[in-house]
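So the structure is just underneath, and the comments pick up after that.
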2 protein chains.
Amino acid sequence: MKAALKLFTEMGFHGTSTAQISKEAGVATGTLFNYFPTKEDLINGLYFDVKGQLSRSMGREIQAQSTFQDKLRKMWYNLIEWGLDNQNDFLFVGQFCSSPYITNYTREEVMKEYVFLHDLVKEGIANGEIRDYSEELTIAMFYQASRTVVNFILDSEPQDKNKVIEDGFQIVWEGLAKK
Amino acid sequence: MKAALKLFTEMGFHGTSTAQISKEAGVATGTLFNYFPTKEDLINGLYFDVKGQLSRSMGREIQAQSTFQDKLRKMWYNLIEWGLDNQNDFLFVGQFCSSPYITNYTREEVMKEYVFLHDLVKEGIANGEIRDYSEELTIAMFYQASRTVVNFILDSEPQDKNKVIEDGFQIVWEGLAKK
DNA sequence: CGCATAAATGACTAATTAGTCAATCTCAGA
DNA sequence: TCTGAGATTGACTAATTAGTCATTTATGCG
């Protein structure tokens, strides 16, 4: 799975042959198909795993934060830290989140892990912490903004990463918060 | 090119065979290779074309706007309108902007068309209209936010698109503007 | 040790791939 | 109507593809 992840992000799903994957993994092609009946099963397993890790990283220590802003900031930092520490996983999710090879079943299973994010946003709107935009739009803007920051850091390699991360949060917070 | 664009967005670069492209286009495979010596030439030509169209759409009527906020809002609407009206092009740019098949030459040629966006942001910072974040970060956040809104509209099909677009702009504007 | 089950192997196949090229067709101008 | 340069064609090739399976190797247990 690690080998496939690396190759998929470098050369895409169809661009990576099963022969390459097994070679990179140091096993025979037959072994690969022993564990994943088809190439699609492999990508779905990968997506499931990676999204699960992302979800778990994102929610880490959220409840320990006292204010709503701190909860959101903590989530922001979690998301970005995960992206920077797991670049292949980060790129993989970006490339394959809307890919036709991810089955609807996999997609739905993954969605179940993100309930707490919805709950947090709902709470923020209800308590008047953030503006009353559509919940889904708010989540999308927040999540994609964090991806933008990670991508920005990855391909512009700024001297002061931490400033970029905090600036990014300021932009998102000012954008969403009720004044 | 239109045929290739459609197929590439549906099934990816490697997922689309030259046979499929020529069939979709209603020509023989030989004809395809008469115009594009290799498959890579085709994708680079496509990227160049589509990005050019995006750039031209984005800059439309900007100078006619009086205030800085109106200029930015106009650009926001231009970007989103282009994405909604040219879904294949929009998806193509998203999928292939960081693809290894786009040569650096193509990428650099495309960049040249975006100078005016840099200039606008510089102007906004200099005049104290928007906060003094890194110019590149500001542009990335603005551009990716517009993509988030288009994607959101495309796959959640809200009743009131215009509200989503304007809400999206409010989020970005509040995020970037100097209070 | 011996045995049975499970895991790993890589040569193999049928299908598909990007790209070629000799033959055919098109059509403007004489 | 005839000519010829350029456009179009699709059968073809050598390489590669996802996936198979008979055989070999590793492992756990008495």
Side-chain angles (χ1 to χ4, degrees), chain A residues 1-51 88-89 91-93 95-107 109, chain B residues 1-51 88-89 91-93 95-107 109:
Chain A
M1 291 180 90
K2 201 174 154 190
L5 182 71
K6 184 188 162 197
L7 295 171
F8 283 162
T9 56
E10 274 171 19
M11 354 217 300
F13 179 60
H14 284 283
T16 305
S17 69
T18 52
Q20 284 174 289
I21 297 170
S22 48
K23 193 180 172 189
E24 172 84 23
V27 298
T29 53
T31 310
L32 186 64
F33 285 95
N34 203 5
Y35 290 90
F36 304 96
T38 71
K39 209 180 166 189
E40 274 206 37
D41 287 325
L42 175 54
I43 208 176
N44 276 278
L46 218 37
Y47 188 77
F48 190 85
D49 255 41
V50 171
K51 271 281 195 169
N88 281 340
D89 304 54
L91 294 171
F92 176 80
V93 169
Q95 273 182 49
F96 292 97
C97 70
S98 61
S99 152
Y101 314 112
I102 306 299
T103 65
N104 280 338
Y105 175 76
T106 304
R107 227 180 287 275
E109 284 300 305
Chain B
M1 292 180 89
K2 201 174 153 190
L5 182 71
K6 185 188 162 197
L7 294 171
F8 283 162
T9 56
E10 274 171 20
M11 354 216 304
F13 180 58
H14 284 283
T16 306
S17 70
T18 52
Q20 285 174 288
I21 297 169
S22 48
K23 193 180 172 189
E24 172 82 24
V27 298
T29 53
T31 310
L32 187 64
F33 285 94
N34 202 7
Y35 289 91
F36 305 96
T38 71
K39 210 180 165 188
E40 274 206 36
D41 288 324
L42 175 53
I43 208 176
N44 276 279
L46 219 37
Y47 188 77
F48 190 84
D49 255 41
V50 170
K51 271 281 196 172
N88 282 340
D89 304 53
L91 295 171
F92 176 80
V93 168
Q95 274 183 48
F96 293 98
C97 70
S98 60
S99 151
Y101 313 111
I102 306 299
T103 66
N104 279 339
Y105 174 76
T106 303
R107 228 180 286 275
E109 284 299 305

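Note on naming: letters A, B, ... go to the chains in the order of the sequence lines (proteins, then strands), and numbering restarts at 1 for each one. Note: hydrogens, waters and symmetry copies are ignored here, and every other heavy atom, side chains too, is used.
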[atom1] of [X] versus [atom2] of [N]: gap in Å, rounded?
X      : N      : atom1 : atom2 : result
B/F33  : C/dA22 : CZ    : P     : 17 Å
A/K39  : D/dT17 : NZ    : P     : 8 Å
A/Y101 : D/dA18 : OH    : P     : 11 Å
A/Q20  : D/dG19 : CD    : P     : 15 Å
A/L42  : D/dG19 : CG    : P     : 10 Å
A/L32  : D/dT17 : CG    : C1'   : 14 Å
A/H14  : D/dG19 : NE2   : C1'   : 15 Å

side-chain N/O [X] vs [N] OP1/OP2, d < 4.0 Å:
X     : N      : answer
A/T18 : D/dA18 : yes
A/Y35 : C/dA8  : yes
A/T31 : C/dT9  : yes

B/N34 side chain, from C-beta outward: closest of D/dA7, D/dG10, D/dT17: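 The answer is D/dA7, which lies nearest to the side chain.
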Selected nucleotide, minimal atom distance to B/A28 side chain, candidates D/dG19, D/dG10, D/dT8: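 Out of D/dG19, D/dG10, D/dT8, the nucleotide with an atom closest to B/A28's side chain is D/dG10.
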Donor-acceptor contact present, side-chain B/Q95 to main-chain B/G12, <3.5 Å: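 Not confirmed, B/Q95 side chain does not pair with B/G12 backbone.
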Under 3.5 Å: donor-acceptor pair, side chain of B/K51, backbone of B/E109: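 No, B/K51 side chain to B/E109 backbone: no donor-acceptor pair under 3.5 Å.
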Heavy-atom closest pair, residues B/I21 and B/L32: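 Here B/I21 and B/L32 meet closest at CG2-CD1, 4.0 Å.
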Gap separating the CD atom of B/E10 from the CD atom of B/Q20, nearest 0.5 angstrom: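 The CD atom of B/E10 sits 9.5 Å away from the CD atom of B/Q20.
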Touch class at under 4.0 angstrom, heavy-atom based, for B/T29 against every strand present: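 Contact class for B/T29: base.
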Sugar-phosphate, base or nothing in reach of A/T16, heavy atoms under 4.0 Å: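 Sugar-phosphate, backbone atoms only, no base.
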Comparing A/G30 and A/F13 on DNA chain D - which has the more 5′ nearest nucleotide: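 Nearest nucleotide further toward 5': that of A/F13.
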Centroid-centroid under 6.0 Å between A/Y101 and A/F13 rings: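 Between A/F13 and A/Y101, which both carry aromatic rings, the centre distance is below 6.0 Å.
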